[in-house]
Amino acid sequence: MVWTDERIEELKVLWAEGLTTGEIGKRLGVSKNAVVGKAHRLGLKGRPSPIKKAKQPRPAAAPAKEPEPKMKTLVDLSANTCRWPIGDPREPGFHFCGAPAIPGKPYCAEHAAVAYVGAGSNSHKVPPPPRDGEAA
DNA sequence: CCCTGATTCGC
DNA sequence: GCGAATCAGG
């Protein structure tokens, strides 16, 4: 294989075009090794293995769906936080009240009032007991 | 295993 | 100087 000026020029052009050594090699009728070897020998700009480097344009904004800071998940509950469930445990966005609970009670004042309708009323206890685990 | 380029090494 | 072989990264 004789590297004539034409051949070298073609090589440089194709190389500058961004073709891969394999492509240039096929077009030049040589192996990619010859191409890269000659290219390196010529002092062409070597790309540090420009592997599949494709840029993904970020056209629009980045809708970061972050949960509200006030949201209390199960892990946020502590001994004195209101465990009044907000929403359906099976649905996303479910959380707990999280307000300061009454000592001795699992709920805050307001929710405890709803939970224990009247101190002694054994009739309708609307709220489901906030037992962890599964319930269905 | 495919691809890429880089370097080594015998011719 | 040439390029296959080998190496190295993805």
Side-chain angles (χ1 to χ4, degrees):
Chain A
M1 185 61 192
V2 50
W3 279 104
T4 63
D5 186 67
E6 300 177 9
R7 224 68 58 108
I8 297 176
E9 184 177 337
E10 187 77 4
L11 168 67
K12 291 193 298 183
V13 172
L14 293 174
W15 186 270
E17 282 291 302
L19 292 176
T20 65
T21 57
E23 279 296 295
I24 301 174
K26 279 197 292 188
R27 298 194 190 277
L28 271 288
V30 296
S31 54
K32 77 178 188 69
N33 303 348
V35 176
V36 67
K38 182 61 180 176
H40 186 242
R41 216 168 291 120
L42 286 171
L44 287 178
K45 295 184 297 298
R47 311 98 126 180
S49 300
I51 329 297
K52 279 76 180 182
K53 298 283 288 187
K55 290 182 179 178
Q56 288 291 350
R58 303 259 78 157
K65 297 181 179 63
E66 300 179 8
E68 288 295 322
K70 290 181 176 297
M71 285 283 201
K72 294 295 180 181
T73 59
L74 192 64
V75 296
D76 294 318
L77 296 175
S78 55
N80 59 336
T81 52
C82 179
R83 265 91 111 192
W84 186 268
I86 306 296
D88 196 301
R90 298 189 306 273
E91 291 185 44
F94 167 79
H95 61 284
F96 293 93
C97 173
I102 301 176
K105 294 180 183 301
Y107 306 119
C108 65
E110 298 192 25
H111 286 140
V114 194
Y116 314 104
V117 181
S121 292
N122 53 354
S123 300
H124 48 283
K125 293 181 179 178
V126 185
R131 284 281 65 113
D132 54 339
E134 220 278 292

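Treat the numbers as computed from the prediction; the structure is a model and nothing was measured. In what follows, every chain begins at residue 1, and chains take the letters A, B, ... in the order their sequences are listed.
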If you compare all heavy atoms of A/E10 against all heavy atoms of A/L28, which two are closest, and at what distance to 0.1 Å? CG-CD2, 3.7 Å
Heavy-atom side-chain proximity of A/V13 to A/E9 below 4.5 angstrom: yes
Write down the distance between [atom1] ([X]) and [atom2] ([N]), rounded to a whole number of angstrom.
{"X": "A/I8", "N": "C/dG1", "atom1": "CD1", "atom2": "P", "result": "10 Å"}
{"X": "A/K32", "N": "C/dT6", "atom1": "NZ", "atom2": "P", "result": "13 Å"}
{"X": "A/E23", "N": "B/dC3", "atom1": "CD", "atom2": "C1'", "result": "12 Å"}
{"X": "A/I24", "N": "B/dT4", "atom1": "CD1", "atom2": "C1'", "result": "12 Å"}
{"X": "A/L11", "N": "C/dG1", "atom1": "CG", "atom2": "P", "result": "15 Å"}

Residues within residues 33-42 of chain A bordering DNA chain B, heavy-atom distance below 4.0 Å: A/V36, A/H40
Results of side-chain contact (heavy atoms from CB on, under 4.5 Å) for [X] - residues two or more places apart only:
{"X": "A/I8", "answer": "A/W3, A/K12, A/K38, A/L42"}
{"X": "A/A112", "answer": "A/I102, A/K105, A/Y107, A/Y116"}
{"X": "A/E6", "answer": "A/T4"}

Partners passing salt bridge (Lys or Arg N to Asp or Glu O under 4.0 Å) against A/E23 (at least two apart in sequence or in another chain): A/K26, A/R27
Side-chain N or O of A/T20 closer than 4.0 Å to phosphate OP1/OP2 of B/dT4: yes
May I ask you to evaluate whether A/W3 reaches the phosphate of C/dG3, defined as a side-chain N or O under 4.0 Å from OP1 or OP2? yes
